[in-house]
Enquirer: 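Please read through the structure below; I'll follow up with questions.
Letters A, B, ... mirror the listed sequences (proteins, then strands); counts begin at 1.
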2 protein chains.
Amino acid sequence: MITQTQDILFKTLADPTRRALFERLCRDGELTVGALTADAGVSQPAVSKHLGILKQAGLVRDHHQGRQTHYRAQPDALEPLLDWTTQMAGFWHRRFNELEDLLKRMDQ
Amino acid sequence: MITQTQDILFKTLADPTRRALFERLCRDGELTVGALTADAGVSQPAVSKHLGILKQAGLVRDHHQGRQTHYRAQPDALEPLLDWTTQMAGFWHRRFNELEDLLKRMDQ
DNA sequence: CCAATTCATAACTATTGGGTTATAAATAAA
DNA sequence: TTTATTTATAACCCAATAGTTATGAATTGG
């Protein structure tokens, strides 16, 4: 079910602090938990939990180096979101064109 | 704050039944509350509440006709979502190119 | 070895939010 | 006018979740 993937993505990105973490990783590249926590506005455990959820959604990847964990964004995971959005817009435009055609036929 | 708009959109579309209502309106065009309720899988008050939230987010518009309320999708409201997604992908690609350039310079 | 640092997990709390039933308000029909 | 239909709102309940503090596990440095 593809709608499952969309659901996970929307739910994951619905939280502002979580979305802010992902945005920072997109902008600044790879960062440690400590660096992310410094500007997150919430505690370190909260940041770790959010990163775990982002990881489960496939939006970030991590690798360990000594006692630090580095996280980086995985923006490919945004593709289903892009697909859904364009599809919704597409449905609407198709309907719009159908209506346009109908009006044209009625005009004849 | 544009991030406010994004927050509202993500939060609004994070709920599956609410997103399903929006999808149906995109596919099928204008529908009444009754028609939407028939296939929603939840009660009519639940549907009304969801439609109210979608309306506040600007994702749907309504108009009254007799005792029925007709709802239709307003897919233009998805634009900030599209902007955010492409922007995140853009940030990442820019960083990717920077890295690529760095590697090229190191290669010389 | 011992202390300090970095991150993840556990346990708990409070709030949010989506669902329900009951009911009100408005319109249509009999 | 009375009854039936359609939608919105109110009041309430339960589950999910984002936050906290406390602590454990792993690694580094003295």
Enquirer: Give B/His50 one of three labels, base, sugar-phosphate or nothing, depending on what nucleic acid heavy atoms sit under 4.0 Å from its own.
Expert: sugar-phosphate
Enquirer: Within this structure, what is the CD-to-C1' distance between B/Gln68 and D/dA8, rounded to whole angstrom?
Expert: 15 Å
Enquirer: Could I get a table of every N or O pair under 3.5 Å where one atom is in the protein and the other is in nucleotides 23-30 of chain D?
Expert:
unit_1	atom_1	unit_2	atom_2	d
D/dT27	O2	A/Arg67	NH1	3.1

Enquirer: Can you sort out the partners of B/Ala35 under side chain to side chain contact (heavy atoms under 4.5 Å, CB included), two or more places apart, ordered by chain and number?
Expert: B/Leu31, B/Thr32
Enquirer: Starting at the 5' end of DNA chain C and moving along, which residue's nearest nucleotide shows up first, B/Lys49 or A/Thr32?
Expert: A/Thr32
Enquirer: Who else is in the cluster with B/Ile8 when I, L, V, M, F, W and Y are joined by side-chain contacts under 4.5 Å?
Expert: none
Enquirer: Using OP1 and OP2 only, check whether a side-chain N or O of B/Tyr71 sits under 4.0 Å from D/dT6.
Expert: no
Enquirer: Can you list everything that forms a salt bridge (charged side-chain N to carboxylate O under 4.0 Å, His left out) with A/Asp7? Sequence neighbours excluded, please.
Expert: A/Lys11, B/Arg19
Enquirer: Which part of the nucleic acid, if any, lies within contact of B/Thr69, taking any heavy atom under 4.0 Å across all strands shown: a base, the sugar-phosphate backbone alone, or nothing?
Expert: sugar-phosphate
Enquirer: Hey, are the side chains of A/Leu59 and A/Thr12 touching, using non-hydrogen atoms and a 4.5 Å cut-off?
Expert: yes
Enquirer: Measure CD/A/Gln56 against P/D/dT17 and give the value in whole Å, please.
Expert: 11 Å
Enquirer: For DNA chain D, what residues of residues 6-17 of chain A have any heavy atom nearer than 4.0 Å?
Expert: A/Asp15, A/Thr17
Enquirer: Just the endpoints, please: which first and last nucleotides of DNA chain C, 5' to 3', lie under 4.0 Å from a heavy atom of chain B?
Expert: C/dG18 to C/dA28
Enquirer: Whole Å only: how far is the CZ atom of A/Arg19 from the C1' atom of D/dA18?
Expert: 15 Å
Enquirer: State which residues pass side chain to side chain donor-acceptor pair (under 3.5 Å) with B/Glu79; sequence neighbours excluded, sorted by chain then number.
Expert: none
Enquirer: How would you list, by chain and number, every residue that makes a side chain to side chain contact (heavy atoms under 4.5 Å, CB included) with B/Arg67, sequence neighbours excluded?
Expert: none
Enquirer: Could you pull out all residues at least two apart from A/Gln68 that satisfy side chain to side chain donor-acceptor pair (under 3.5 Å)?
Expert: none
Enquirer: For residues 23-82 of chain B, which residue pairs qualify under ring-ring contact (aromatic ring centres under 6.0 Å, His included), counting only residues two or more places apart or in two chains?
Expert: B/His63-B/His70
Enquirer: Would you please name every residue forming a salt bridge (charged side-chain N to carboxylate O under 4.0 Å, His left out) with B/Asp83, sequence neighbours left out?
Expert: none
Enquirer: Among residues at least two apart in sequence or on other chains, which ones pass side chain to side chain donor-acceptor pair (under 3.5 Å) with A/Glu23?
Expert: B/Trp84
Enquirer: Closest nucleotide of DNA chain D for B/His64 versus for A/Ala46: which of these residues is on the 5' side?
Expert: B/His64
Enquirer: Around atom CZ of A/Arg24, are there more than 12 heavy atoms of other residues, nucleotides or ligands at under 6.0 Å?
Expert: yes
Enquirer: Please state how far atom CD1 in B/Ile53 lies from atom P in D/dT7, giving the value in whole angstrom units.
Expert: 18 Å
